[in-house]
Amino acid sequence: MKNKRIPSIAGRIAVSALLIFLAFYMLLPAINLRDRNFFQFLILSILIILVVNFLTFLKDFLSSLLDGGMTIAHRDPVTGQIIFEKRQRKDRPISLERPLKLGFGAIALLLVWMAAATVIGTPLFNAARYRDLITLTDGDFAADIAEIEMKNIPVVDRDSASRLGDRKLGEMTELVSQFEIAGNYTQINYRGTPYRVTPLRYADPIKWFFNRKSGLPAYITVDMVTQQTDLVWLEEGMKYSPSEYFFRNIDRYLRFRYPTKIFDDVSFEIDDSGVPYWVAPTITYRVGWWDGRDIDGAVLVNAVTGECTYYDKEDVPQWIDQLYASDLIITQLDDNGKYQNGYWNSIFGQRNVRRTTYGYNYLALNDDVYLYTGMSSVTADQSNIGFVLVNLRTKETRFYTVPGATEQSAMASAEGQVQHLNYKATFPLLLNISNRPTYFISLKDGAGLVKMYAFVDVEQYQIVGTGQSVTEAEDNYRQALNLEDVALETPAGTEPVSGEIEAIENVVVSGNTCYYFTLSGSGDVYCAPVTLDPRLPFLQPGDSVSFLPAESGSPIQVLEWR
């Protein structure tokens with residue numbers, strides 16, 4: 001009996017191990033007790049073992065019925081009578097009661113632990129920890145965000161980049177039948193210029209089978225300023241990507257190389273030499289057992305060779321632009337604004353509670369990519385209390401107190417300027433125009449093509465300048481601000497002007513209050529917008545003033561109030 005059961009036990013172990021490996025191969029959980037997916041994998045593994053043993057038990061039970069429970073009839077040789085006799089089976093199936101109890105008991109313990117771990121990580125007990133997942137420092141808008149020349153403003157958003165990439169691939173007839181363009185379009189700074197980059201992918205499993213040896217031959221780059229779109233050919237194809245199968249699939253490749261690491265979604269980037277990499281941020285949890293998701297490092301995978309290197313977040317190479325996922329940053333910003341004064345205040349009273357606006361964009365500064373989003377009070381729908389810039393490599397976060405219109409309000413204002421054309425506004429990009437926070441918006445037609453551009457003042461969103469080109473839109477915007485012909489920077493050698501005000505009047509120009517004034521002993525007329533200094537509305541004839549004027553113009557524009 002023992003000799004018969006040994007092969008049966010070995011068979012059950014082999015079948016269970018194979019099924020568990022296949023489950024691991026498909027689900028790819030981290031072998032880490034801080035990973036929820038690992039607990040789910042453990043529960044699935046126990047169920048696999050129970051099912052395999054139950055099926056074996058059922059097989060033995062049916063065999064017992066057909067064998068040991070069969071009634072045998074034979075004739076007595078002496079009396080000639082027919083005798084019915086029931087054959088008895090000596091090796092009865094092993095009882096399944098104990099394995100079931102152990103298995104379901106283990107599952108119950110795992111479920112209890114998961115529930116407890118989830119409860120201890122709730123905001124009710126950890127509001128301050130959720131608030132401190134990200135730290136906001138006050139920033140100086142004029143100092144932190146330099147003005148850029150109009151020719152360097154990025155005009156390509158993700159949708160436009162996708163259209164440009166599809167058109168470029170369509171020009172390559174030898175590729176379009178075999179490959180498609182992946183939807184990554186990661187925004188990076190490449191050699192000081194904002195780009196969007198994305199790899200190719202196999203069109204289907206059959207195309208993968210015939211092209212797998214050479215790999216993916218190229219990737220797409222889109223210059224966000226000039227809209228120049230290039231298909232960058234590689235000397236050797238990319239062997240590791242999400243569109244690969246088996247062990248060259250990037251997620252599976254990472255899991256078997258780093259079985260205990262908990263990974264966030266991988267992103268595609270290129271280094272300064274154009275070498276393609278997959279950036280796989282590693283997750284740590286800073287609240288409770290598995291809450292308060294944050295990033296503590298990253299694994300960089302050469303998409304061609306598969307070479308892997310792990311870096312702590314402080315040591316990640318400078319060329320990496322998006323270590324932190326945008327959705328993670330938005331979640332942390334919302335938690336920071338929500339729990340400023342504890343959990344109960346976020347529900348009742350809501351004093352100083354704020355949230356991000358419904359959308360975000362990216363800004364290229366100092367060879368890094370920053371996430372931009374507005375911050376609004378939870379009780380306000382049409383106005384921002386300020387905005388934040390978050391470095392997506394270091395998570396350095398700055399908050400700028402600039403009350404003004406939300407991005408949606410600015411988009412509606414820009415669309416209103418061209419409502420007869422039915423153009424739709426893209427999500428704004430934040431710029432510095434004459435030290436004023438300004439939304440830059442592209443306006444698209446029904447086919448998704450950019451037809452016009454708009455500049456919208458953040459503080460006074462009724463001030464809008466539109467045009468067929470970026471330069472034309474900027475000129476109209478400056479004219480609306482009554483700042484036409486004012487240089488972006490203070491002209492070199494300009495001397496301050498001082499004197500007593502002889503006469504002063506305020507005039508509303510395009511929704512912006514401007515103060516026109518003259519000085520005693522001078523025939524020049526000066527103009528200063530109210531946004532230049534909050535003391536302007538209180539000036540009276542006879543007051544002494546000092547300011548820095550433009551070199552020319554009529555009236556002479558005030559550039560800086562002293």
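Each residue takes its place number in the sequence, starting with 1. Values below: every heavy atom of this structure, side chains too, minus hydrogens, waters and symmetry copies.
Inspection of the Ser469 and Thr471 side chains reveals no N or O donor paired with an N or O acceptor under 3.5 Å.
The ring pair (Phe, Tyr, Trp, His ring centres under 6.0 Å) pairs that include a residue from residues 410-431 number zero, where partners must be two or more places apart or lie in different chains. Screening residues 395-406 for salt bridge (charged side-chain N to carboxylate O under 4.0 Å, His left out) gives Asp144-Arg398, Asp294-Lys395, Glu396-Arg398 as the qualifying pairs, with residues at least two apart or on separate chains. The salt bridge (charged side-chain N to carboxylate O under 4.0 Å, His left out) contacts involving residues 123-138 comprise nothing, where partners must be two or more places apart or lie in separate chains. Within the structure, the salt bridge (charged side-chain N to carboxylate O under 4.0 Å, His left out) test picks out the following pairs touching residues 457-471 (sequence neighbours left out): Arg436-Asp457. Identified under the ring pair (Phe, Tyr, Trp, His ring centres under 6.0 Å) test for residues 319-343, with sequence neighbours left out: Tyr277-Trp319. Applying the ring pair (Phe, Tyr, Trp, His ring centres under 6.0 Å) test to pairs two or more places apart or on separate chains, those with a residue in residues 121-143 are Phe141-Phe387. Screening residues 262-272 for salt bridge (charged side-chain N to carboxylate O under 4.0 Å, His left out), with sequence neighbours left out, gives Asp264-Arg293.
For Arg255, there are no side chain to side chain donor-acceptor pair (under 3.5 Å) partners at least two apart in sequence or on another chain. For Asn476, there are no side chain to side chain donor-acceptor pair (under 3.5 Å) partners at least two apart in sequence or on another chain. With sequence neighbours excluded, no residue satisfies side chain to side chain donor-acceptor pair (under 3.5 Å) with Arg167. By the side chain to side chain donor-acceptor pair (under 3.5 Å) test, Arg354 is found to be paired with Asn336, residues two or more places apart in sequence or in another chain being considered. By the salt bridge (charged side-chain N to carboxylate O under 4.0 Å, His left out) test, Lys313 pairs with no residue at all, sequence neighbours left out.
In this structure, Phe39 has its ring center closer than 6.0 angstrom to the ring center of Trp290.
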